[in-house]
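First up is the structure itself, then whatever we jot down about it.
Just so it is clear, the values below take in all heavy atoms, side chains as well, and ignore hydrogens, waters and symmetry mates. All of these numbers come straight from a predicted model, not from anything done at the bench.
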Amino acid sequence: MTIDAHQHFWHFDPVRDSWITDDMANIQRDFLPADLEPVLKENGIDGCVAVQASQSEEETMFLVRMAQTYDIVRGVVGWVDLQSDQLPERLQALSQHQEIKGYRHVAQAEPDDFLARPAVMDGIRQLADFGLTYDILIYPTQLKAALQLVRSVPNVNFVIDHLAKPYIQKKEISRWSNFMAEIAKNKHVSCKLSGMVTEADWHNWSKKDFFPYLDVVFENFGPDRLMFGSDWPVCLVAANYTQVRTLVDEYVVNWGEEVRAKVFGANAVSFYKL
């Protein structure tokens with residue numbers, strides 16, 4: 001089974017989705033599974049994991065309905081208030097929806113220490129009781145807190161979204177790579193090969209811009225803890241779906257077909273229990 005481990009759906013709302021700024025005008029519209037289905041088919045991808053983009057249980061339930069309606073949506077990474085006093089009750093209530101495989105918070109929009117705060121770590125720790133995963137969405141300045149989190153919560157499986165958004169356009173790599181190497185020492189942490197084109201020069205990137213960053217994650221996480229994600233439709237501000245898939249495909253080809261099968265499906269199936 002081939003899987004896109006990271007993409008989004010939404011009915012565009014200019015207030016809620018204010019992060020989609022005017023320079024991203026081509027994604028200021030609705031994106032639904034019916035739009036993605038032919039794109040996946042064209043690219044030889046069987047299914048996908050739909051990931052939250054706004055902080056509400058309402059959106060989580062919208063994604064659950066998409067997963068119940070469309071065969072391509074194999075799992076959901078939703079949102080729940082990890083710092084709520086009612087978190088155990090909310091996780092219990094939401095656990096009836098088998099489509100939910102894990103949770104995420106848009107931590108990149110929070111202060112750098114957010115993931116290391118005791119209340120946040122305690123909330124994430126509770127995901128283990130339900131066999132749920134946690135997606136880490138951060139910028140490189142937040143890697144220190146992420147490292148503290150994964151060391152403090154060994155019983156939850158984590159995945160770093162978008163390689164932690166390294167500063168590809170500026171070609172900065174050393175500080176980011178040092179932290180990623182430390183994080184990768186924790187065997188319950190995986191990494192998504194996703195979101196790279198939007199961290200480069202949107203209008204003037206080339207494949208070689210990304211290979212040094214891919215070298216780092218392949219060297220440190222190894223082929224069993226990496227998974228392809230398109231970050232569709234966000235990727236469309238810089239590249240079409242096929243360009244994003246081809247970018248990873250052409251890098252992975254040197255590792256052989258067995259590794260390609262892991263990166264393009266098997267690892268995501270295992271991680272998210274699809």
Looking at [X] and [Y], does any basic side-chain N land under 4.0 Å from a carboxylate oxygen?
{"X": "D81", "Y": "R90", "value": "no"}
{"X": "E59", "Y": "R16", "value": "no"}
{"X": "D122", "Y": "R117", "value": "no"}
{"X": "K144", "Y": "D112", "value": "no"}

Counting N and O atoms only, with roles assigned by atom type, does the side chain of [X] sit under 3.5 Å from a partner on the main chain of [Y], one being a donor and the other an acceptor?
{"X": "N267", "Y": "M227", "result": "no"}
{"X": "D17", "Y": "I20", "result": "no"}
{"X": "S152", "Y": "M121", "result": "no"}
{"X": "Q96", "Y": "A93", "result": "yes"}
{"X": "R74", "Y": "D46", "result": "yes"}
{"X": "S95", "Y": "Q92", "result": "yes"}
{"X": "H6", "Y": "W232", "result": "no"}
{"X": "K208", "Y": "W205", "result": "no"}
{"X": "K192", "Y": "L163", "result": "no"}
{"X": "N186", "Y": "E182", "result": "yes"}

Aromatic ring pairing H11/F62, orientation class (parallel under 30°, perpendicular over 60°, tilted between):
tilted

Is the ring pair F31/W10 parallel, tilted or perpendicular, if the boundaries are 30 and 60 degrees?
perpendicular

Nearest 0.5 Å, what's the [atom1]-[atom2] distance between [X] and [Y]?
{"X": "I45", "Y": "Y241", "atom1": "CD1", "atom2": "OH", "answer": "4.5 Å"}
{"X": "L40", "Y": "I3", "atom1": "CG", "atom2": "CD1", "answer": "9.0 Å"}
{"X": "T2", "Y": "N43", "atom1": "OG1", "atom2": "CG", "answer": "10.0 Å"}
{"X": "L91", "Y": "E89", "atom1": "CG", "atom2": "CD", "answer": "9.0 Å"}
{"X": "L94", "Y": "W79", "atom1": "CG", "atom2": "CH2", "answer": "10.5 Å"}
{"X": "D215", "Y": "S177", "atom1": "CG", "atom2": "OG", "answer": "11.0 Å"}

Would you kindly say whether [X] and [Y] are connected by a side-chain donor-acceptor distance under 3.5 Å?
{"X": "Q55", "Y": "Q52", "answer": "yes"}
{"X": "E110", "Y": "H105", "answer": "yes"}
{"X": "E199", "Y": "H162", "answer": "no"}
{"X": "D22", "Y": "Q28", "answer": "yes"}

Looking at A53 and W19, what are the two nearest heavy atoms and their distance?
O-NE1, 4.1 Å

Please name the pair of heavy atoms, one in N240 and one in L236, separated by the smallest distance, quoted to 0.1 Å.
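Here N240 and L236 meet closest at CA-CD2, 4.0 Å.
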
With the side chain counted from C-beta on, respond yes when [X] and [Y] share a heavy-atom pair under 4.5 Å apart, and no when they do not.
{"X": "T133", "Y": "L127", "answer": "no"}
{"X": "V51", "Y": "Q7", "answer": "no"}
{"X": "I124", "Y": "F158", "answer": "yes"}
{"X": "T198", "Y": "V237", "answer": "yes"}
{"X": "K262", "Y": "D224", "answer": "yes"}
{"X": "L193", "Y": "Y251", "answer": "no"}
{"X": "K165", "Y": "I138", "answer": "no"}
{"X": "E172", "Y": "P166", "answer": "no"}

Please determine if R260 forms a cation-pi arrangement with F264, meaning its NZ or CZ atom is less than 6.0 Å from the six-membered ring centre and no more than 45° off the ring axis.
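Yes, a cation-pi geometry holds between R260 and F264.
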
Take S230 and D4, measure what side-chain hydrogen bond (donor to acceptor under 3.5 Å, both in side chains) needs, and give me the verdict at the end.
CA-CA 6 Å; S230 67; D4 177 344; 2.5 Å; yes

Under 6.0 Å between ring centres: does that hold for Y103 and Y134?
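Not under 6.0 Å, so no.
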
For atom CG of D23, decide whether the heavy atoms of other residues, nucleotides or ligands shown that lie under 6.0 angstrom number more than 12.
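Check passes, neighbour count above 12.
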
Other residues, nucleotides and ligands only: do more than 12 of their heavy atoms fall within 6.0 Å of CD on E258?
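No.
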
